[in-house]
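Just below is one structure, and these are the notes that go with it.
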Amino acid sequence: MSTAIVAVDQDKYSNREMIETLKQTVCKGATDAQFKMFIEVCRETGLSPWLKEIWYIPSVGIMAGRDGYLRVANEHPMFDGMETLIERDTKNIPIKATCSVWRKDRSHPIKCEAYFSEYKKQSQIWDKYPSAMLAKVAEVLALKRSFSINGVVTEEEIGEQEPTRAEKVQAAKEVGA
């Protein structure tokens, strides 16, 4: 990354108006310390709150979406593609997803598996699109590992700390605003 790009990135997080916008939208409810940490994670990972790739939920912390991880990978000069495969049982229900990510500087792909029995959530989206959701989990795991994207979690990774439905709805409204 060039010095000019870093200077621009740092400027967008030091502009008072932009800081207030973030505090009132994607970081609503964050303490000053949590907000500072959020900004540093944005800077370090390259994930953009403006593009809805990363956000803050008070009861959970810093969360990110698969599309943000995918953008980071696509912009990385060593990214050499990925493939996600879904295994299904005899009733066509997904059992597991395996994602392989290739990097030009490595001799073999990074592979991650996600098992339906471990990640399935009780939600309409998982009921309607189980294969797509399981694929997303495997892709996030593989992309994070392949490109050292740390300090953030996805909804599927948080297990028992899952936000309440009301918190999810509120966060979605705030991110969409």
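Here, residue 1 is the first one in the sequence, and each next residue gets the next number. All values reported here derive from a predicted model rather than from experimental measurement.
Both M18 and I62 sit in one connected hydrophobic cluster of ILVMFWY residues. Membership requires side-chain heavy atoms under 4.5 Å apart, directly or through other members. Taking hydrophobic clusters as Ile, Leu, Val, Met, Phe, Trp and Tyr residues chained together by side-chain heavy-atom distances below 4.5 Å, L51 does not share a cluster with L47. With hydrophobic clusters built from ILVMFWY side chains whose heavy atoms lie under 4.5 angstrom apart, L85 does not share a cluster with V140. Hydrophobic clustering of Ile, Leu, Val, Met, Phe, Trp and Tyr side chains at less than 4.5 Å, counting indirect connections, unites Y129 with Y119. Both I57 and M37 are assigned to one and the same hydrophobic cluster, defined by single-linkage of ILVMFWY side chains at heavy-atom distances under 4.5 Å.
With R103 contributing its side chain and S146 its backbone, the two residues share a donor-acceptor pair below 3.5 Å. In terms of modelled atom types and a separation under 3.5 Å, the side chain of K144 and the main chain of V152 share a donor-acceptor contact. Side-chain atoms of E87 do not come within 3.5 Å of backbone N or O of K96 as any donor-acceptor pair. Side chain of R43 to backbone of F38: no donor-acceptor contact under 3.5 angstrom is found.
Under the 4.5 Å side-chain criterion, counting only non-hydrogen atoms from C-beta, I110 is not in contact with W102. When side chains are defined from C-beta on, V26 does not count as touching I54, because their heavy atoms never get closer than 4.5 Å. The closest side-chain heavy-atom distance from M82 to C99 is below 4.5 Å. Using a 4.5 Å cut-off on side-chain heavy atoms (C-beta onward), D127 and M133 make no contact. Side-chain contact between C42 and P49 is present, with heavy atoms from C-beta onward closer than 4.5 Å. Looking only at side-chain heavy atoms (C-beta outward), R71 and E53 come within less than 4.5 Å of each other. Inter-residue side-chain proximity for T84 and K136 is flagged as unmet; no heavy-atom pair is nearer than 4.5 Å. For the pair F79/V101, a side-chain contact is recorded, criterion being any heavy-atom separation below 4.5 Å from C-beta on.
Atom-to-atom distance recorded for S117:OG and I95:CD1 is 9.5 Å, nearest 0.5 angstrom. From Q24, atom CD reaches atom SG of C27 across 11.5 Å, with rounding to the nearest 0.5 Å. Here I93 contributes atom CD1 and F116 contributes atom CZ; the two are 7.0 Å apart, rounded to the nearest 0.5 Å. Considering CG of N74 and CZ of F147, their distance stands at 8.5 Å, rounded to 0.5 Å. Note that the CD1 atom of I39 and the NZ atom of K23 stand 9.0 Å from one another [nearest 0.5 Å].
Counting all heavy atoms, side chain and backbone alike, R88 lies closest to N92 at CD-OD1, 2.6 Å. Taking all atoms of both residues into account, the shortest heavy-atom contact from V41 to G151 is CG1-O, 4.1 Å. Pairing each heavy atom of S131 with each of I86, the nearest pair is O-CD1, 3.7 Å. Nearest approach of T154 to M63, heavy atoms of both residues: C-CE, 3.7 Å. A pairwise comparison of heavy atoms in G29 and P58 identifies CA-CG, 4.1 Å as the closest pair. Annotation for L134 and A114: closest pair CD1-O, 3.5 Å, computed over non-hydrogen atoms.
Side-chain polar atoms of E139 and Y69 form no donor-acceptor pair below 3.5 angstrom.
In this structure, E20 places its CD atom where more than 12 heavy-atom neighbours from other residues, nucleotides or ligands lie under 6.0 Å away. E44 CD: 12 or fewer foreign heavy atoms inside a 6.0 Å radius. Heavy-atom contacts from other residues, nucleotides or ligands closer than 6.0 Å to NZ of K111 number 12 or fewer.
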Evaluation steps, side-chain contact (heavy atoms from CB on, under 4.5 Å), between R106 and D80 = CA-CA 10 Å; R106 297 188 182 160; D80 201 25; over 6 Å; no

query = Given the rule in the side-chain contact (heavy atoms from CB on, under 4.5 Å) test, do F35 and L22 qualify, once you have shown the distances and angles that lead to the verdict?
reply = CA-CA 9 Å; F35 181 75; L22 286 174; 3.8 Å; yes

inquiry  = Working note: I19 + E17, criterion side-chain contact (heavy atoms from CB on, under 4.5 Å); need CA distance, chi angles, decisive distance, verdict.
reply    = CA-CA 5 Å; I19 288 173; E17 185 179 341; over 6 Å; no

inquiry  = Under the criterion side-chain contact (heavy atoms from CB on, under 4.5 Å), I'd like the reasoning laid out for T45 against V72: C-alpha separation, chi angles, the key distance, then a yes or no.
reply    = CA-CA 8 Å; T45 62; V72 169; 5.8 Å; no

